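As the structure is a computational prediction, the values presented were derived from the model and not from experiment. Chain naming here is simple, since letters A, B, ... match the order of the sequence lines and numbering starts at 1 in each. Atom set for the values below is all heavy atoms of this structure, side chains included, hydrogens, waters and symmetry mates excluded.
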Number of protein chains: 2
Amino acid sequence: MPAKMIPDIVIGRMPIYLRALTRKYQSGRTVTSSQELGERLGISAAQIRKDLSQFGEFGKQGTGYNIEFLIQKIQEILKVNRIWDVALIGAGYIGHAVANYGGFHKRGFQITKIFDTDPSKIGKEYNGIKVQDFSTMKTEIQKAGIQIAMLTVPAEAAQEVADQLVEAGVKAILNYAPVSLKVEKGVRVQHIDPAVHLQNMTYYLD
Amino acid sequence: MPAKMIPDIVIGRMPIYLRALTRKYQSGRTVTSSQELGERLGISAAQIRKDLSQFGEFGKQGTGYNIEFLIQKIQEILKVNRIWDVALIGAGYIGHAVANYGGFHKRGFQITKIFDTDPSKIGKEYNGIKVQDFSTMKTEIQKAGIQIAMLTVPAEAAQEVADQLVEAGVKAILNYAPVSLKVEKGVRVQHIDPAVHLQNMTYYLD
DNA sequence: TAGATTGTTAATCGATTAACAATC
DNA sequence: TAGATTGTTAATCGATTAACAATC
């Protein structure tokens with residue numbers, strides 16, 4: 001148990017800050033302020049300062065935040081100042097797209113294993129990684145000590161695969177299947193479901 | 001201005017309820033309760049009842065909610081009791097995967113237009129839809145009166161494309177590019193960024 | 001120094017939960 | 001009827017904002 005419990009909602013904003021700061025850094029800026037960042041993100045300056053102050057004092061009165069330094073600090077906080085191995089389950093269209101996405105590495109992740117049940121896919125290489133037989137998943141993930149998985153299997157299979165992942169020791173699942181997964185405490189799940197996001201916006205349309 | 005202002009956070013949970021209810025319905029169930037639904041989703045029964053009561057009285061004391069009826073009501077609330085035309089901008093790996101995803105239609109959406117700048121892609125068909133030249137995007141979207149777009153272009157291009165979409169009359173953007181988009185009031189944006197979701201979970205790993 | 005911006009406290013605002021009368 | 005579950009109110013809890021002393 002950490003000395004100070006930091007709310008999930010604050011943790012959830014940190015990757016957003018990191019992404020914006022990295023972008024600013026790439027554009028050549030060296031310093032920013034809570035106000036500037038807030039305007040960029042549509043978040044109040046007070047909230048950004050409050051969020052950051054949960055983890056330490058990273059700014060300087062009068063001048064603001066050194067971007068490179070703040071990036072480092074947030075990377076440390078989120079533990080992405082390293083590269084996490086990720087297993088990808090499901091080598092369909094979405095799995096293929098995810099496997100070929102080049103942006104993971106510089107944000108702390110690399111896909112090192114891909115699994116599928118389809119014999120026509122097993123043995124093929126996606127972005128240099130061989131698709132392995134799903135039946136070997138559990139032992140392979142255990143052996144490799146992988147803690148993170150991305151799930152791009154059909155909705156019907158998702159819960160069963162998730163159960164196996166948890167048994168294999170996976171502690172974080174990014175689920176692309178359009179179902180709410182149930183997992184034991186101590187395992188984190190995040191959902192990506194484009195239809196859910198779209199339905200969220202249609203309420204406001206006419 | 002609606003008579004009663006319903007919080008965004010409540011709207012955000014409605015598609016989740018809808019997804020779970022649809023699944024229950026498909027499995028042959030006809031009735032459910034706030035408690036059962038809550039257990040399934042990891043949400044308190046009280047919150048589900050409170051959320052639903054914002055829109056009307058859909059349940060019966062003693063028995064709970066008729067699933068088919070509640071599905072209909074939520075579809076009406078979210079305005080997905082119709083099919084929305086969606087434009088897809090960017091025909092790379094992700095765009096390709098999204099175009100081929102078969103689950104949109106039964107959830108209220110169909111991709112009717114695809115645009116890209118790459119001459120090697122223009123003219124090709126993705127899931128029966130011809131990829132059109134990006135330079136025609138604005139007029140085509142305007143002509144078709146499309147209000148929803150999915151953005152699967154590189155990060156560098158995303159803001160510029162979003163600006164053009166808004167000029168064309170688009171009111172809802174689902175953005176797959178890893179940047180925070182700035183849009184004028186009255187336009188809704190939702191972000192899908194797998195690295196952000198993953199970074200959110202690594203905080204809790206060790 | 002004068003101006004700017006942080007980190008933090010207290011006040012406000014909003015969301016969640018607990019409890020229960022109503023009623024199927 | 002007896003048991004179950006809703007819709008809603010009031011209480012609690014948590015998150016956001018405003019304000020400002022500290023200080024670069």
Practice item. Could you tell me the separation between the CG atom of B:Leu151 and the NE2 atom of B:His191, rounded to the nearest 0.5 Å? Key: 9.0 Å
Review point. Considering Watson-Crick and G-U wobble pairs with both distances under 3.5 Å, what does D:dC20 pair with?
Key: C:dG7
Review point. Tell me, which of residues 10-17 of chain A have any heavy atom that sits under 4.0 Å from an atom in DNA chain C?
Key: none
Revision key, fill the gap. For C:dG14, the nucleotide meeting Watson-Crick or G-U wobble distances (both under 3.5 Å) is D:dC13
**Study point:** B:Asp8 and A:Tyr204: side chain donor to acceptor below 3.5 Å
**Key:** yes
Exercise for review: Between protein and nucleotides 17-24 of chain D, map the contacts as a letter string: B base, S sugar-phosphate only, - none, heavy atoms under 4.0 Å, written 5' to 3'.
Suggested key: BBB--BBB
Practice item. Look at the side-chain N and O atoms of B:Tyr65 and state whether any lies under 4.0 Å from the OP1 or OP2 oxygen of D:dG7. Key: yes
Check your understanding: Quick one: does A:Thr22's side chain get under 4.5 Å of A:Ile71's, heavy atoms only?
Key -> yes
**Study point:** B:Pro7 side chain, from C-beta outward: closest of C:dA15, C:dT6, D:dT6
**Key:** C:dA15
Review point. Taking atom C1' of D:dT9 as reference, at what distance in whole Å does atom CD of B:Gln54 sit?
Key: 14 Å
Check your understanding: Between C:dT6, D:dG7, D:dT5, which one does the side chain of B:Glu57 approach most closely?
Key -> D:dG7
Check your understanding: Does the side chain of A:Ser34 get closer than 4.0 angstrom to OP1 or OP2 of C:dT6 through an N or O atom?
Key -> yes
Study note, to complete from the structure: A:Leu52 CG to C:dT6 C1', in whole Å, measures 11 Å
**Study point:** B:Tyr25 atom OH, neighbour heavy-atom count above 12 within 6.0 Å
**Key:** no
Study note, to complete from the structure: To the nearest angstrom, the CZ-P distance between B:Phe69 and D:dT6 comes to 14 Å
Practice item. May I ask you to check whether over 12 heavy atoms, not counting those of B:Lys60, lie within 6.0 Å of atom NZ? Key: no
Review point. Is there side-chain contact between B:Met201 and A:Trp84, with heavy atoms separated by less than 4.5 Å?
Key: no
